[in-house]
Peer 1: 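Here it is, the structure in full.
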Amino acid sequence: MSTETFCTYETAWCPGCGNFMILECLKTALEQMGKEPSEVLVAAGIGQAAKTPQYINANAFCGLHGRALPAAVAAKMANEKLTVIVNTGDGDSYGEGGNHFIHNIRRNIDIAHFVHDNQIYGLTKGQASPTSVIGLVTGVQTDGNFNEPLNPALVAIACGAGFVARGFTGHKEQLISLMKQAIAYQGYALVDILQPCVSFNKTNTFAWYNARVYELDESYDRQNKAAAMQKALEFGDKIPIGVLYHEEKSTYHQKSEVLKQGVPLLDRKTDPALMKRLIASYI
Amino acid sequence: MYNLLIGGAAGQGIETTAAILEKFLKRSGYHVLTIRDFMSRVRGGHNFSLIRFGTEPIRSHSDRLDGIIALDDETVHEHRDQLNETGFILGDSKLSATDDRLIKVDMAGMAKELGNPRVSGIIAVGILLKMFGETLDGAEDVLGTFVKQQYLQINQKALEQGYAIAEKRYEHLDGKYSGWMLISGNHAVALGAVAAGLRFYSAYPMSPSTSILETLAALGDEAGVVVEQAEDEIAAINMAIGASYAGARAMTGTSGGGFSLMVEALGLSGMAEIPLVVIDVQRPGPVTGLPTRTEQSDLRFVISASQGEFPRMVIALRNQEDAFYQTMRAFHLAEAYQIPVILLSDQYLGDATATVEPFDPTRIRVADPASSYDGEDEYLRYRYSEDGISPRLIPGKTKHLVAIDSDEHDERGWITESAEVRTKMVDKRMKKIEGFRRELLEPDMIGPEDFDTLLLGWGSTWGPIAEAVRLLNQKGQGRYAALVFGDVYPLPQKLLKEKAAQAKRLINVEQNATGQLAGLIREETGIVCTDSVLKYDGRQISAEEIAARIRKEGAK
């Protein structure tokens, strides 16, 4: 996982963790896109995946569990020149941060959201996540998980996301491509990345995913919303990976009266003449 | 000095009627204070505004009335006992209430004839202006501030008709305040924030803080401020922190319930050393409490909110001037020390409009990020330093990378569990307290130097306490003074210790049930209040009530 620009660091992840591949793909994608580390902000909440910002040579925001999205989108509002990427887990994104997941899709701010989805809680050592399959036995779900798993891609499409993709750590080249497309996409882009958790998820293993995934080919119409929802629903014996849905939409920056003027927010100053007028309006 | 009450049900237009009347009075030179008492409902119930005006500065509302403008019968029944013998009640002919002081006018009929039943309140304003010897000069301008263009003409007519049918009853008094501002605490906070260079405000609507959000939203496009309604208060504060990290001056606002949700992220601002201003416009709790009423019961909560230990500052706003200048100063302190600064206001101050000298934004200096970094060595976001303050670069603005972490971290901002680094980092953060302790503002000293009884208060009771001191000293029953705190945490102690040593009696006056300031003072200084005046019914204590309770019971 070494690229020259985005460097290599020692990690605290288990050997064989899917996070390694995601990190490598992320660095490769950024390098191939010619990004400079100082223009990239990698944000995360808390979790194993959420350690990603610590292991890449870029600006890093390691905030609170579940709250990566609000901080990241606001950073993008403050400085539109930053390439903002949220790298964090399924518990962080869909559990603790579920409300922010829904509402930031609605905002459609130009960030990429890469969810390391291993269908389990890693940092807290093996409890069910929102995407855990039914029947998964854990130290908490002792009789097997009986809550319906969340389908992140389906939710995202339903909420109006314009770029929704599913990737798998076993398909490296495709994952790099998905990341590049997501970063380049103007608006909120979700890539739900299937990855094994070698320590705690003995059901959804690398082999389990590998036997089921298939790449969507060029015959697939990624602009058909109804078809995309059908594809998103496909998560059983067969799991399609690739861009499930793609639609050009106006971004928050294009719609906001303040931001569409093209001057990054942090560079703006309060006009003293306006201040005088505001004060006078109360006289 | 006159004191008028405009009362009626929610939806009858009390708000607009009061706002127009107070603006007329202020523009004619009066010093005006208007407080708003309303129920948590959109229609019905009983709401009122109290407008007090005179030629001398007015700091407190009063319960004694010179006039009542009753838009319904309940207003007459509720408030007639507060009315002076020589006072008047102005009401519609449709009211069934009877009272010798009641002047009935067919305002509803007149309004209907004019073509819009909603202008009856403006007819009342016309009547009142005549009664108080005012002119209608500048009426169009005043009306234009509150009324849409297409309704301007009909409102103007309503005003003139009301004026024409009334008789002068009081002499106009010449005040010198026509050029001053008339502004509420919440609006002054919004203006202070913009003056300080606010670029990002995120909040979830919550009474009584919502008018800050709305005021900023109204001017945001022009002023270059992104105003975002967040999905919840957790998002609101995390957004503000994200924006601040990325270089946009940021703030969030709420009331106690929303602040409860923000608590974890308050610690993020402290731990990651990201400047943040949060305002808690207090209302009575716990939980939903009394949504549209007032209380000062979040002090103990906000000074200790969030797990662990980190430096923070808490400033209580005492009046509308504080609301502007202390909001500006909060941004300065947050930036200079890279800490969360919490402003405490409340419904009373937030909604009350007062007459203040036009604000001067140049009076307060607001620091820029401490980015004095020479670029020679590796940039370290959390570099150890003498004063605990590290260079804060803005990500993307230089080639250097800016890493922040909610985990304990080393100088680079990377996770660490090293015992040595942990201790040094805690020390570094806490060292900043020494710095802002030196900048603390001592409490306001009110009253004579040779007092023997000292009242202690904080925040919005400043006005009532100041006037109470005057009332108490007037009757010659004792020599009273007061200290009213603005900066409240860390607690400034110099003046407190000096004055407390001189006092025979120490009485804390607070709008809560447990005497939270008295508790803080006792904890920090060992000084114990001998008596207390506490009120927690959701209504702001008046100067008269403070004075009466001190006289009668010797306070309790």
Peer 1: Taking only Lys NZ, Arg NE, NH1 and NH2, and the carboxylate oxygens of Asp or Glu, determine whether B:Glu222 and A:Arg277 approach each other closer than 4.0 Å.
Peer 2: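 Between A:Arg277 and B:Glu222 there is a salt bridge, with a charged N closer than 4.0 Å to a carboxylate O.
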Peer 1: Please state whether the side chain, the backbone, both or neither of B:Phe324 comes within less than 4.5 Å of a heavy atom of chain A.
Peer 2: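 For B:Phe324, the contact with chain A is made by the side chain alone.
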Peer 1: So how far is it from B:Asp232 CG to A:His103 NE2, rounded to the nearest 0.5 Å?
Peer 2: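 It comes to 7.5 Å.
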Peer 1: Less than 4.5 Å to any heavy atom of chain A: does that hold for the side chain of B:Tyr245, its backbone, both, or neither?
Peer 2: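 Just its side chain gets close to chain A.
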Peer 1: Given a strict heavy-atom distance threshold of 4.5 Å, which part of A:Arg107 is in contact with chain B: side chain, backbone, both, or neither?
Peer 2: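 For A:Arg107, the contact with chain B is made by the side chain alone.
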Peer 1: Among B:Lys23, B:Arg199, B:Met181, B:Arg27, which has the most heavy-atom pairs under 4.5 Å with chain A?
Peer 2: B:Arg199
Peer 1: Go through the atoms of B:Ile274 and report whether side chain, backbone, both or neither lie under 4.5 Å from a heavy atom of chain A.
Peer 2: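 Interface part for B:Ile274: side chain.
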Peer 1: Can you tell which part of B:Thr398 gets under 4.5 Å to a heavy atom of chain A, answering side chain, backbone, both or neither?
Peer 2: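 Contact with chain A involves the backbone of B:Thr398 alone.
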Peer 1: At a heavy-atom separation under 4.5 Å, does B:Pro395 approach chain A through its side chain, its backbone, both, or neither?
Peer 2: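 Both parts, backbone and side chain.
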Peer 1: List the steps and the verdict of side chain to side chain donor-acceptor pair (under 3.5 Å) for A:Tyr252 and B:Glu228.
Peer 2: CA-CA 11 Å; A:Tyr252 186 97; B:Glu228 181 65 11; 2.4 Å; yes
Peer 1: Against chain B, label A:Asp271 side chain, backbone, both or neither, depending on which of its atoms sit under 4.5 Å from a heavy atom there.
Peer 2: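 For A:Asp271, there is no contact with chain B at all, as no heavy atom is under 4.5 Å.
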Peer 1: Which bit of B:Thr215 comes within less than 4.5 Å of chain A, counting heavy atoms only: side chain, backbone, both or neither?
Peer 2: side chain
Peer 1: Give the member of B:Thr145, B:Leu191, B:Val227 that has the highest number of heavy-atom pairs under 4.5 Å with chain A.
Peer 2: B:Leu191
Peer 1: Of the backbone (N, CA, C, O) and the side chain (C-beta and beyond), which part of A:Leu278 lies under 4.5 Å from a heavy atom of chain B, both, or neither?
Peer 2: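 Backbone plus side chain of A:Leu278, per the 4.5 Å heavy-atom cut-off to chain B.
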Peer 1: Select all residues of residues 184-192 of chain A having any heavy atom within less than 4.5 Å of some heavy atom of chain B, and report them by number, or 'none'.
Peer 2: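 Interface residues of residues 184-192 of chain A: none, nothing closer than 4.5 Å to chain B.
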Peer 1: Under 4.5 Å from any heavy atom of chain A, what part of B:Ala272 do you find: side chain, backbone, both or neither?
Peer 2: neither
Peer 1: Chain A heavy atoms under 4.5 Å from B:Trp180: which part of the residue, side chain, backbone, both or neither?
Peer 2: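 For B:Trp180, the backbone is the part near chain A, not the side chain.
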Peer 1: Roughly how far, to the nearest 0.5 Å, is CD of B:Glu264 from CG of A:Leu64?
Peer 2: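 Here the interatomic distance stands at 4.5 Å.
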Peer 1: Which atoms of B:Leu219 are under 4.5 Å from chain A, going by heavy atoms: the side chain, the backbone, both sets, or neither?
Peer 2: side chain
Peer 1: Which atoms of A:Ile279 come close to chain B, meaning under 4.5 Å heavy atom to heavy atom: side chain ones, backbone ones, both, or neither?
Peer 2: both
Peer 1: Considering only heavy atoms, which portion of A:Leu265 lies under 4.5 Å from any heavy atom of chain B: side chain, backbone, both, or neither?
Peer 2: both
Peer 1: Does one side chain, of A:Gln54 or B:Asp405, offer a donor that lies under 3.5 Å from an acceptor on the other?
Peer 2: yes
Peer 1: Can you tell me which portion of B:Gln229 sits under 4.5 Å from chain A's heavy atoms? Options are side chain, backbone, both or neither.
Peer 2: backbone
Peer 1: Show the numbers, then the answer: is there a salt bridge (Lys or Arg N to Asp or Glu O under 4.0 Å) between A:Lys260 and B:Asp221?
Peer 2: CA-CA 11 Å; A:Lys260 72 178 169 197; B:Asp221 288 355; over 6 Å; no
Peer 1: Side chain, backbone, both or neither: which part of B:Ala188 has a non-hydrogen atom closer than 4.5 Å to chain A?
Peer 2: neither
Peer 1: One pair to check against side chain to side chain contact (heavy atoms under 4.5 Å, CB included): B:Ile234 and A:His100. What are the steps and the verdict?
Peer 2: CA-CA 9 Å; B:Ile234 299 175; A:His100 312 308; 4.1 Å; yes
Peer 1: Does any heavy atom of chain B fall under 4.5 Å from the side chain of A:Thr83, the backbone, both, or neither of them?
Peer 2: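 Neither part.
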Peer 1: Could you look at A:Ile102 and say if it's the side chain, the backbone, both or neither that has a heavy atom under 4.5 Å from chain B?
Peer 2: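 Contact with chain B: none, neither part.
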Peer 1: Between B:Ser244 and chain A, with a heavy-atom cut-off of 4.5 Å, which part of the residue counts as in contact: side chain, backbone, both or neither?
Peer 2: neither
Peer 1: With only heavy atoms counted, which part of B:Val356 is less than 4.5 Å from chain A, the side chain, the backbone, both or neither?
Peer 2: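 Answer is neither: B:Val356 stays 4.5 Å or more from chain A.
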